[in-house]
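FYI, side chains are in, hydrogens and waters are out, and symmetry mates aren't considered; it's all heavy atoms of this structure. Note that ligands are numbered from 1 as they come in the structure, with each ligand's atoms numbered from 1 the same way. Nothing here was measured: the structure is a model prediction, and the numbers come from that model.
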Amino acid sequence: MGGEVDKGKIYALSDVSKHSSREDCWLVINGKVYDVTRFMEDHPGGDEVLLAVTGKDASNDFEDVGHSSTAKAMMEEYYVGEIDASTIPAKVKYTPPKQPHYNQDKTTDFVIKILQFLVPLAILGLAVVLNEGVFREVAVSSCRVVGDLEFLPFIAHGSPLLGRHPAGWVQRGQGDLIVYIAMGRMESFWGDDAQVFRPERLIDEEGMYCHESPFKFTAFQHQPSS
Ligand code: HEM
């Protein structure tokens, strides 16, 4: 037996667990301490289940069995005191480990992959278009600023390095040196379309510069140089 007990006393869980043998067995159910030593042999559920929960809070085990009201009435007989709730360890709530989120919807992934391919392509295309447009714009607007002058890029012979001029009418292999010349827009020299921006008038059928009289370039008395 458990010896002398002070009924109504408050026990720590550690006190209860000192009585954890078949000959001296205490347990805790719903905040109350019971000395079930005398009941061990008579317990319909057997003494093993009682021994298994000695020194622990057996409330859940007791409720899980679904004890009858008769069983609950019997408990009074074994009551020895209260348990100090602060000595009962809080139940650790099980939280499952976080799984990486599995994306069932593959559409987003697919769209991202397509974009990863298309966006650089679009940027490249845009760069090419802008490059072309900007250079053309620059070439044409320079002519407008100058007014009645027309600029002609002249390409030095013999060098294969230059692919093309932004104005678009210099052929590959013509050279790598661009010299701008100024053309006077006198109709007596250049004809009725003297005012028209038509630099190809100085290029012959083979794409080479047509030598003209330097006096036709009256604005600055320029003539092509190579
Ligand atoms: C002072 C405490 C306890 C008393 C007075 C008590 C009393 C009883 C009684 C009278 C029964 C017969 C069935 C019924 O009338 O419900 C019973 C069955 C049983 N008890 Fe307890 N019990 C106590 C504590 C416990 C504890 C803490 C556990 C579990 C760890 C437990 C497990 C069982 C089991 C497994 C059965 C058998 C159920 C079955 O065969 O269907 N009892 N108990």
*Mark yes when over 12 heavy atoms from residues, nucleotides or ligands other than D64 sit less than 6.0 Å from its CG; otherwise mark no.*
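Enclosed: over 12 neighbouring heavy atoms sit under 6.0 Å from CG of D64.
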Protein heavy atoms near [atom], is at least one of them under 4.0 angstrom away?
atom                     : result
atom 30 (C) of ligand 1  : yes
atom 21 (Fe) of ligand 1 : yes
atom 39 (C) of ligand 1  : no

Among all protein heavy atoms in this structure, tell me which lies nearest to [atom], with the distance rounded to 0.1 Å.
atom                    : answer
atom 37 (C) of ligand 1 : G45 CA, 3.6 Å
atom 2 (C) of ligand 1  : I29 CD1, 3.9 Å
atom 35 (C) of ligand 1 : V65 CG2, 3.9 Å
atom 8 (C) of ligand 1  : H67 CD2, 3.3 Å
atom 3 (C) of ligand 1  : F62 CE1, 3.8 Å
atom 11 (C) of ligand 1 : P44 CG, 3.4 Å
atom 27 (C) of ligand 1 : L50 CD2, 3.8 Å

Polar atom proximity, [X] to ligand 1 (N or O, under 3.5 Å):
X   : answer
D61 : no
S68 : yes
H43 : yes

*Salt bridge present between K9 and E82 (N-O < 4.0 angstrom)*: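 Salt bridge absent between K9 and E82.
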*Should the pair R22-E48 be classified as a salt bridge under the 4.0 Å nitrogen-to-oxygen rule?*
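So R22 pairs with E48 through a salt bridge.
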_Any side-chain to backbone donor/acceptor pair from T54 onto L27? Under 3.5 Å, distance only._
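Flag not set: sc T54 to bb L27 has no pair under 3.5 Å.
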Out of all atoms in ligand 1, which are within 4.0 Å of some heavy atom of [X]? Include the element for each.
X   : value
F39 : 4 (C), 5 (C), 6 (C), 7 (C)
V49 : 30 (C), 32 (C)
V36 : 1 (C)
A71 : 5 (C), 7 (C), 8 (C), 9 (C), 10 (C), 15 (O), 16 (O)
M75 : 1 (C), 5 (C)

*Over 60° means perpendicular and under 30° means parallel, so classify the ring planes of Y11 and W26, tilted if in between.*
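Plane angle over 60°, so perpendicular.
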*asked:* For T70, which part has a heavy atom under 4.0 Å from ligand 1: side chain, backbone, both, or neither?
replied: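 The answer is neither; T70 stays 4.0 Å or more away.
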